[in-house]
Amino acid sequence: MENSISLSILIPLVPFGMTIFIFTLLRSFNRTINRLTKPVSLLLLFSILSSTFLCLYFFLNHIEGQILLSNYFSVFKNLNLEIHLNDTSERLIIIIGFLISLLIVYSVTKLPRKTGYVLYIVNLGFFASIMISGLLLIDIPF
């Protein structure tokens, strides 16, 4: 069980890492990345769904606990930030993950893919990672 809880650090990091990666590519190769709208959308969709399914695995197996972030990142040594994994936060993360995924799928199928589309997808990924991180950092007492 302790090994499973240590995987919960990946829930907010996977979408955030993919968002940073795509944003870096967008800034470096602006014209090329703006033409690759479907692969960029699928990469971000895959990262959000992987975090959602990992959280679904924790929810279905009733895995709960707390992790101190300073054990994984030396930047947080002076702060006492903890990831709180409980049923309520897991449910909310699953709902948010699926809603953002549906929004990305809708965006791929219905929105015109012009110059700002990739930046829009990056902002969706950043919003999802911030929401997931916020839900994990706040201890929800329900």
Side-chain angles (χ1 to χ4, degrees), residues 1-61 63-140 142:
M1 177 148 163
E2 183 65 32
N3 292 336
S4 295
I5 285 185
S6 64
L7 286 177
S8 68
I9 193 77
L10 293 175
I11 294 173
L13 283 182
V14 171
F16 185 72
M18 188 59 69
T19 301
I20 294 298
F21 175 69
I22 293 171
F23 184 73
T24 304
L25 288 177
L26 180 64
R27 290 294 146 211
S28 300
F29 310 105
N30 190 7
R31 180 177 265 169
T32 305
I33 296 300
N34 275 325
R35 291 180 185 161
L36 298 172
T37 57
K38 285 185 182 178
V40 165
S41 300
L42 289 177
L43 279 173
L44 199 60
L45 180 68
F46 175 72
S47 69
I48 291 173
L49 282 178
S50 64
S51 292
T52 304
F53 285 128
L54 183 61
C55 200
L56 183 65
Y57 169 76
F58 290 149
F59 178 71
L60 293 177
N61 291 324
I63 297 174
E64 296 181 355
Q66 297 175 349
I67 295 177
L68 194 62
L69 284 178
S70 63
N71 295 340
Y72 295 96
F73 303 107
S74 61
V75 176
F76 298 118
K77 284 248 188 246
N78 296 333
L79 301 173
N80 290 329
L81 290 177
E82 289 182 335
I83 289 180
H84 302 278
L85 199 63
N86 55 27
D87 281 343
T88 307
S89 64
E90 290 167 353
R91 285 180 188 156
L92 290 173
I93 290 170
I94 291 167
I95 291 169
I96 287 173
F98 281 128
L99 287 176
I100 296 289
S101 299
L102 287 174
L103 186 59
I104 290 174
V105 168
Y106 177 79
S107 298
V108 168
T109 57
K110 298 294 182 184
L111 289 181
R113 290 184 285 279
K114 295 183 180 179
T115 304
Y117 179 81
V118 175
L119 188 59
Y120 163 73
I121 292 295
V122 167
N123 285 333
L124 277 178
F126 185 68
F127 175 72
S129 63
I130 292 297
M131 290 294 292
I132 290 170
S133 298
L135 286 171
L136 286 175
L137 290 175
I138 297 171
D139 187 20
I140 302 171
F142 296 102

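Position 1 is the first residue of the sequence; numbering continues from there. Small disclaimer: the values here were computed from a predicted structure and weren't measured.
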Looking only at heavy atoms, what is the nearest atom pair of [X] and [Y], with distance?
X      : Y      : answer
Leu119 : Arg27  : CD1-NH2, 4.2 Å
Glu82  : Leu137 : O-CD2, 3.4 Å
Val108 : Lys38  : CG1-CG, 4.4 Å
Glu90  : Phe59  : OE1-CA, 3.1 Å
Leu124 : Ile100 : O-CG2, 4.3 Å
Ile48  : Ser101 : CG2-OG, 3.7 Å

(message) Once ring pair (Phe, Tyr, Trp, His ring centres under 6.0 Å) is applied, what residue pairs with a partner in residues 90-120 remain, sequence neighbours excluded?
(response)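 For residues 90-120, and leaving out neighbouring residues, the ring pair (Phe, Tyr, Trp, His ring centres under 6.0 Å) pairs sorted by first residue read Phe53-Phe98.
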(message) Quick test of your reading: applying ring pair (Phe, Tyr, Trp, His ring centres under 6.0 Å), list the pairs with at least one residue in residues 6-35, sequence neighbours left out, ordered by first then second residue.
(response)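 Matches after skipping sequence neighbours: none remain.
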[X] [atom1] to [Y] [atom2] distance, which is reported to the nearest 0.5 Å:
X      : Y      : atom1 : atom2 : result
Ile104 : Leu43  : CD1   : CG    : 10.5 Å
Ile20  : Leu25  : CD1   : CG    : 11.5 Å
Ile94  : Ser51  : CD1   : OG    : 11.5 Å
Ile83  : Ile132 : CD1   : CD1   : 11.5 Å
Leu54  : Ile9   : CG    : CD1   : 11.5 Å
Ile130 : Leu135 : CD1   : CG    : 11.5 Å

(message) I'd like to know whether Ile93 forms a side-chain contact (heavy atoms from CB on, under 4.5 Å) with Thr52, so could you lay out the CA-CA distance, the side-chain angles of the two residues, the decisive distance to 0.1 Å, and finally the verdict.
(response) CA-CA 7 Å; Ile93 290 170; Thr52 304; 5.6 Å; no
(message) Using modelled atom types and a 3.5 Å cut-off, is there a donor and acceptor pairing between side-chain atoms of Ser133 and backbone atoms of Ser129?
(response)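 Side chain of Ser133 to backbone of Ser129: a pair is present.
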(message) Would the distance check show the side chain of Ser47 and the main-chain N or O of Pro15 forming a donor-acceptor pair, the cut-off being under 3.5 Å?
(response)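 No: the side chain of Ser47 does not pair with the backbone of Pro15.
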(request) Kindly check if the number of other-residue, nucleotide or ligand heavy atoms within 6.0 Å of CZ (Phe127) is above 12? (result)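 Not more than 12 within 6.0 Å, no.
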With heavy-atom distances below 4.5 Å as the criterion, would you say the side chains of [X] and [Y] are in contact?
X     : Y      : result
Leu99 : Leu103 : no
Tyr57 : Leu7   : no
Pro12 : Leu136 : yes

